[in-house]
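Here is the structure we will look at, set down as structure tokens.
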Amino acid sequence: MEKNRYAVIMAGGVGSRLWPVSRKSYPKQFHDILGVGKTLLQMTFERLLQVCAVDNIFIVTNDTYKGIVKEQLPQLAEERILCEPQAKNTAPCIAYASYKIASINPEASILIAPSDHLITNDISFASAADLAYKETNEKDQLITFGIKPSRPDTGYGYIEYHENESRDTVKVERFTEKPDLTTAEEFLSKGNYLWNAGIFVWSAKSIISALEKYTPQISSLFAPLLSGTQDDFCVKSAFQKCDSVSIDYGIMEKANNVFVVPVSFGWTDLGTWKSIFETNIKNEDNNAFHGQVISEETTNTLVKIQPNKVAVVQGLEDYIVIDNEKALLICQKEKEQRVKGYLKEVAKIDQDFV
């Protein structure tokens, strides 16, 4: 396998929209959310092993979760787990990993992947990754993966690309944050818009150059990693001082060398219970049940309960019912965006509940 290929899994998020299963002490990426016998982190790691050597895979996570990562990925060397002392969004996370990898191999090409996405066609993913690694090894490109949209979804960001190009990687015209339904429908009718998957590939040289140009404050704080500065001290200081900026806002929306690979590999951002429902196998009433559930006059509903319990649900339509040892969530599916707001009230009762 190509020695210059590296990969970074971002695994530091809290995943509050998947409460109460995902909590600060044990976020969603460490759960078997889909009921397949593997956590989201383990599934992501195994997918990347198809395109990258195990010693070239890094996990960036919160200090608090280092022990969980070691437990779930025992084959990963401890020095490949990079710990953030505090959460400062994706640009500092990526800067940390990129400067660290560049200090090991200046010729590296780096794939950045969230830990909580579902991809059903790993062969297609590997093919897209091969292409992106090759392109970034040869050219100064910041590549993102764009998913060919199947519906006018308002929950995803969109990428507009140059429609006159017919190459494997095409120039990005602009990024658009989550649009309203009318705008999303317009994007689909135009045909040159993709969902923003948040998966990136670039060379260490290209991303460091972009960090220096567009986020100089962040770059200056992490650059000492290149020269072998004491990691712990440098990283702690950098995260204390750096701005909280997303990689999309900090770099991708500003750089003029951003390209997209249009892909169709069965992608879903598992960020909400509604997205979990959509990926699950349904029964004859279009319900998705996890655990022992008895239902009557119930349709289009997700129920997930503890293995040692039984649930009886009657008369529900388009609902989410999620139970764990700490809390119970009952919410209309279309109003699940309110879950993050409810956590402020839950925290007033007991911080351990969130």
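If you read the sequence from its start, that first residue is 1, and numbering goes on from there.
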Open item on the list: Check this for me: does any side-chain nitrogen of one of Lys38 and Asp32 sit under 4.0 Å from a carboxylate oxygen of the other?
Closed with: no
- [ ] Evaluate the side-chain contact (heavy atoms from CB on, under 4.5 Å) criterion for residues Tyr158 and Leu188: first the C-alpha distance (whole Å), next the side-chain angles of each, then the deciding distance (0.1 Å), finally the verdict.
- [x] CA-CA 10 Å; Tyr158 284 73; Leu188 257 69; 4.2 Å; yes
Task: CA sep, side-chain torsions, deciding dist, call: Ile276, Ile33, side-chain contact (heavy atoms from CB on, under 4.5 Å) - done: CA-CA 8 Å; Ile276 300 293; Ile33 290 285; 3.1 Å; yes
Task: Heavy-atom check, side chain of Thr144 versus side chain of Asn196, under 4.5 Å - done: yes
TODO: With rounding to the nearest 0.5 Å, note down the distance linking NE2 in His31 to CG in Asp116.
DONE: 12.5 Å
- [ ] Using the rule that two of Ile, Leu, Val, Met, Phe, Trp, Tyr join whenever any of their side-chain heavy atoms come within less than 4.5 Å, decide whether Leu329 and Phe289 are in one cluster.
- [x] no
Open item on the list: According to a hydrophobic-cluster definition based on side-chain heavy atoms being under 4.5 Å apart (Ile, Leu, Val, Met, Phe, Trp, Tyr only), do Tyr319 and Val310 belong together?
Closed with: no
Open item on the list: Nearest 0.5 Å, please: how far is CD in Glu284 from OG1 in Thr299?
Closed with: 11.5 Å
Task: Criterion side-chain hydrogen bond (donor to acceptor under 3.5 Å, both in side chains) on Asn62 and Thr64, from CA distance to verdict - done: CA-CA 5 Å; Asn62 188 282; Thr64 310; 2.8 Å; yes
Open item on the list: Under a 3.5 Å cutoff, is there a donor and acceptor pairing between the side chains of Asn300 and Asn287?
Closed with: no
Open item on the list: Aromatic contact between Tyr65 and Phe30, with the criterion being ring centroids under 6.0 Å apart: yes or no?
Closed with: yes
Open item on the list: Any heavy-atom pair between the side chains of Tyr342 and Trp19 that's under 4.5 Å?
Closed with: no
TODO: Might you confirm whether atom NZ of Lys134 has over 12 heavy atoms from other residues, nucleotides or ligands at distances under 6.0 Å?
DONE: no
- [ ] Check the surroundings of atom NZ in Lys309: do more than 12 heavy atoms from other residues, nucleotides or ligands lie under 6.0 Å from it?
- [x] yes
TODO: Inspect the surroundings of NZ in Lys254 and state if more than 12 heavy atoms from other residues, nucleotides or ligands are less than 6.0 Å away.
DONE: yes
Open item on the list: According to a hydrophobic-cluster definition based on side-chain heavy atoms being under 4.5 Å apart (Ile, Leu, Val, Met, Phe, Trp, Tyr only), do Leu34 and Trp267 belong together?
Closed with: no
Open item on the list: Tell me whether Ile104 shares a hydrophobic cluster with Ile110, the cluster being built from Ile, Leu, Val, Met, Phe, Trp, Tyr side chains joined at under 4.5 Å.
Closed with: yes
Open item on the list: With rounding to the nearest 0.5 angstrom, report the NZ to CG distance, Lys28 to Leu40.
Closed with: 7.5 Å
Open item on the list: Keeping Thr136 on the side-chain end and Gln141 on the backbone end, is there a donor-acceptor pair under 3.5 Å?
Closed with: no
Task: Donor-acceptor contact present, side-chain Asn105 to main-chain Asn4, <3.5 Å - done: no
- [ ] Supply the atom-to-atom distance Ile147 CD1 to His117 NE2, rounded to the nearest 0.5 angstrom.
- [x] 9.0 Å
Open item on the list: Testing the basics here: between Thr169 and Ile143, what is the closest heavy-atom pair and its distance to 0.1 Å?
Closed with: CG2-CD1, 4.0 Å
- [ ] Determine whether more than 12 heavy atoms belonging to other residues, nucleotides or ligands lie under 6.0 Å from atom NZ of Lys236.
- [x] no
TODO: Verify whether one side chain among Ser206 and Ser203 offers a donor that lies under 3.5 Å from an acceptor in the other.
DONE: yes
Open item on the list: Is there a side-chain contact between Leu82 and Ile59 in this structure, where contact means two heavy atoms from C-beta onward sitting under 4.5 Å apart?
Closed with: no
TODO: Take atom CD of Glu177 as the centre, draw a 6.0 Å sphere, and report whether it contains more than 12 heavy atoms from other residues, nucleotides or ligands.
DONE: no
Open item on the list: Checking Val170 against Phe259 for the side-chain contact (heavy atoms from CB on, under 4.5 Å) test, could you report, in this order, the C-alpha distance in whole Å, the side-chain angles of both residues, the deciding distance, and whether it holds?
Closed with: CA-CA 5 Å; Val170 290; Phe259 288 75; 5.7 Å; no
Task: Among Glu186, Arg174, Lys148, Glu173, the one residue meeting side chain to side chain donor-acceptor pair (under 3.5 Å) with Tyr193 - done: Arg174
Task: Ile281 atom CD1, over 12 foreign heavy atoms within 6.0 Å - done: no
Open item on the list: In this structure, is the centre-to-centre distance between the rings of Tyr99 and Phe222 below 6.0 Å?
Closed with: no
Task: Heavy-atom pair with the smallest gap, counting every atom of Gly146 and Val260 - done: N-CG2, 3.4 Å
Open item on the list: Do His290 and Asn280 pair up side chain to side chain, a donor and an acceptor below 3.5 Å, judged on atom types alone?
Closed with: yes
Task: Arg80 side, atom CZ; Ile9 side, atom CD1 - distance, nearest 0.5 Å - done: 13.5 Å
TODO: Using a strict cut-off of less than 4.0 Å between a Lys/Arg side-chain nitrogen and an Asp/Glu carboxylate oxygen, indicate whether Glu107 and Lys205 qualify as a salt bridge.
DONE: yes
- [ ] Please work out which of the three classes, parallel, tilted or perpendicular, describes the rings of Trp202 and Phe200, given edges at 30° and 60°.
- [x] parallel
- [ ] Examine Trp195 together with Phe187 and report whether their ring centres are nearer than 6.0 Å.
- [x] no
Task: Min side-chain heavy-atom separation Arg47-Phe125 under 4.5 Å - done: yes
Task: Val51 vs Tyr133 side-chain heavy atoms within contact, under 4.5 Å - done: yes
Task: Side-chain ion pair, Arg17 and Glu336, N-O less than 4.0 Å - done: no
Open item on the list: Whether the Asp248 and Ser246 side chains hold a donor-acceptor pair (N or O, under 3.5 Å, no angle test) is what I'd like checked.
Closed with: no
Task: Nearest heavy atoms of Leu221 and Cys234, plus distance in Å - done: O-SG, 3.8 Å
Open item on the list: For the residue pair Lys282 and Phe277, would you count it as a cation-pi contact if the rule is NZ or CZ under 6.0 angstrom from the ring centre and within 45 degrees of the ring axis?
Closed with: yes
Task: Backbone of Gly12 reached by a side-chain donor or acceptor of Glu84 within 3.5 Å - done: no
Task: Donor on one side chain, acceptor on other, Thr39 and Gln72, under 3.5 Å - done: yes
Open item on the list: For a 4.5 angstrom cut-off between non-hydrogen side-chain atoms, does Met43 reach Leu118?
Closed with: yes
Open item on the list: Working note: Gln314 + Glu297, criterion side-chain hydrogen bond (donor to acceptor under 3.5 Å, both in side chains); need CA distance, chi angles, decisive distance, verdict.
Closed with: CA-CA 6 Å; Gln314 185 278 327; Glu297 299 170 342; 2.5 Å; yes
Task: Ala7 to Leu48 - nearest heavy-atom pair and separation - done: CB-CD1, 3.9 Å
Task: Presence of salt bridge, Lys326 and Asp352, under 4.0 angstrom - done: yes
- [ ] State, with a plain yes or no, whether a side-chain heavy atom of Asn89 is found less than 4.5 Å away from one of Val245.
- [x] no
TODO: Step by step, work out the side-chain contact (heavy atoms from CB on, under 4.5 Å) result for Tyr96 and Leu225.
DONE: CA-CA 8 Å; Tyr96 178 16; Leu225 288 174; 3.7 Å; yes
Open item on the list: Please determine whether the number of non-hydrogen atoms from other residues, nucleotides or ligands lying under 6.0 Å from atom CG of Leu181 exceeds 12.
Closed with: yes
TODO: Give a yes/no verdict on a cation-pi contact between Lys100 and Phe58, requiring under 6.0 Å between NZ or CZ and the six-membered ring centre and an angle within 45° of the axis.
DONE: no
Open item on the list: One thing to verify: whether Arg5 and Asp130 come together as a salt bridge, which I'm taking to mean a side-chain N less than 4.0 angstrom from a carboxylate O.
Closed with: yes
TODO: Flag the pair Lys190 and Glu160 as a salt bridge only when some basic side-chain nitrogen lies within less than 4.0 angstrom of an acidic carboxylate oxygen.
DONE: no
Task: Approximate separation, where rounding is to 0.5 Å, of Lys88 NZ and Cys93 SG - done: 13.0 Å
Task: Minimum side-chain heavy-atom gap Leu194-Pro262 below 4.5 Å - done: yes
TODO: Report, as yes or no, whether the 6.0 Å neighbourhood of atom OH on Tyr26 holds more than 12 heavy atoms from other residues, nucleotides or ligands.
DONE: yes
